[in-house]
Amino acid sequence: MKTVIYPGTFDPITNGHIDILKKASRVFDQVILSVAEDTGKSTLFSVDEREQICREAVRDIANVQVMKFSGLVVNFARKVNAIAMIRGLRAISDFEYELSQALMNEKLSDRFSTIFFVPDYKYLYLSSSMIKQVISLGGSINNLLPPGVEEALRKKLNL
Ligand code: ADP
């Protein structure tokens, strides 16, 4: 049984994340979408809210589970017996950051590797922060968010 984790902030989850998740779920037996509590970023949604929104969004993907975690990602991976972690690689701007994270995680836990998937071109420039900015300024986003996420954003932003 090959389990991998897909860690991230998911503030909130977008269709770009879902695209990566579906690709990983076709390759591995189980994918744990892992919502990070300590992200170093200030988040709009609390970790419990992000976890709940993710759970709704992945309901129809059979071998995907959602869990929140705190602390080092490699420790969480060990706890759930994951053999690797999944990350998404978008445009060149992701590369340096993702490479440094992957190398640090391999240093912290050898034989634990990072596997990258690329999204469909429709999601190449999609980010949670861009979504939050557009919605907060009154825009509406079609086809870029799982059902219910836009509504959750409006509610949170009192729009
Ligand atoms: P983090 O704070 O850990 O970067 P994010 O939720 O921003 O958390 O992203 C989690 C992972 O998903 C990262 O590997 C990121 O590159 C990837 N990702 C985010 N948006 C997209 C997207 N539109 N397409 C593909 N991958 C994405």
Side-chain angles (χ1 to χ4, degrees), residues 2-45 47 49-69 73 76-77 82-106 112-154 156-157 159:
K2 286 199 180 350
T3 298
V4 292
I5 58 170
Y6 177 27
T9 308
F10 304 108
D11 187 44
I13 190 165
T14 69
N15 283 348
H17 294 124
I18 298 282
D19 188 68
I20 298 296
L21 201 57
K22 284 187 172 158
K23 285 172 179 154
S25 77
R26 288 195 286 269
V27 176
F28 299 100
D29 300 308
Q30 189 187 34
V31 183
I32 304 177
L33 191 156
S34 314
V35 183
E37 191 158 356
D38 319 306
T39 65
K41 293 179 180 174
S42 76
T43 59
L44 175 65
F45 292 102
V47 67
E49 288 168 332
R50 286 182 275 131
E51 185 188 23
Q52 184 53 36
I53 295 170
C54 286
R55 200 157 272 152
E56 285 286 310
V58 307
R59 232 184 3 202
D60 298 332
I61 318 173
N63 52 342
V64 170
Q65 247 183 285
V66 177
M67 287 172 86
K68 65 177 174 183
F69 74 99
V73 74
F76 176 68
I83 54 165
M85 70 186 246
I86 301 301
R87 295 285 287 177
L89 259 193
R90 291 166 292 185
I92 304 168
S93 50
D94 274 345
F95 185 75
E96 282 241 309
Y97 174 73
E98 292 294 342
L99 185 63
S100 66
Q101 293 278 322
L103 290 173
M104 179 51 80
N105 282 326
E106 288 202 10
F112 181 72
S113 44
T114 304
I115 299 165
F116 295 101
F117 284 85
V118 292
D120 188 276
Y121 72 93
K122 295 197 286 293
Y123 308 126
L124 260 187
Y125 289 96
L126 174 61
S127 67
S128 301
S129 48
M130 176 93 81
I131 293 280
K132 285 182 281 192
Q133 195 176 13
V134 171
I135 300 278
S136 68
L137 294 172
S140 180
I141 285 146
N142 279 328
N143 305 325
L144 296 180
L145 294 172
V149 177
E150 186 166 337
E151 200 190 320
L153 272 165
R154 285 191 205 291
K156 190 76 185 172
L157 293 163
L159 293 171

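Note that these values count all heavy atoms, side chains included, but never hydrogens, waters or copies made by symmetry. Note that the structure is predicted; figures quoted are calculated from it, not measured.
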Quick one: does any side-chain atom of [X] pair with a main-chain N or O of [Y] as donor and acceptor, under 3.5 Å?
{"X": "Asp94", "Y": "Leu89", "result": "no"}
{"X": "Ser129", "Y": "Ser127", "result": "no"}
{"X": "Arg90", "Y": "Tyr123", "result": "no"}
{"X": "Arg50", "Y": "Phe45", "result": "yes"}
{"X": "Lys132", "Y": "Asp11", "result": "yes"}
{"X": "Arg87", "Y": "Pro7", "result": "yes"}

State, to 0.1 Å, how close [X] and [Y] come at their nearest heavy-atom pair, and which atoms those are.
{"X": "Val35", "Y": "Cys54", "value": "CG2-SG, 4.1 Å"}
{"X": "Ser128", "Y": "Pro12", "value": "OG-O, 2.8 Å"}
{"X": "Ile61", "Y": "Ser25", "value": "CG2-OG, 3.8 Å"}
{"X": "Val73", "Y": "Met85", "value": "CG1-SD, 4.1 Å"}
{"X": "Gly88", "Y": "Ile20", "value": "CA-CD1, 3.9 Å"}
{"X": "Asn15", "Y": "Asn143", "value": "ND2-O, 2.9 Å"}

Test applied, salt bridge (Lys or Arg N to Asp or Glu O under 4.0 Å); reference residue, Lys156; option that passes from Glu49, Glu151, Glu150
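Filter result, single survivor: Glu49.
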Partner set under ring-ring contact (aromatic ring centres under 6.0 Å, His included) for Phe69, not counting sequence neighbours
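Scan of Phe69 (ring-ring contact (aromatic ring centres under 6.0 Å, His included), adjacent residues dropped) gives Phe76.
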Contact list for residues 21-33, test salt bridge (charged side-chain N to carboxylate O under 4.0 Å, His left out), sequence neighbours left out:
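Non-adjacent pairs meeting salt bridge (charged side-chain N to carboxylate O under 4.0 Å, His left out): Asp19-Lys23.
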CD of Glu106: more than 12 outside heavy atoms within 6.0 angstrom?
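Yes, enclosed.
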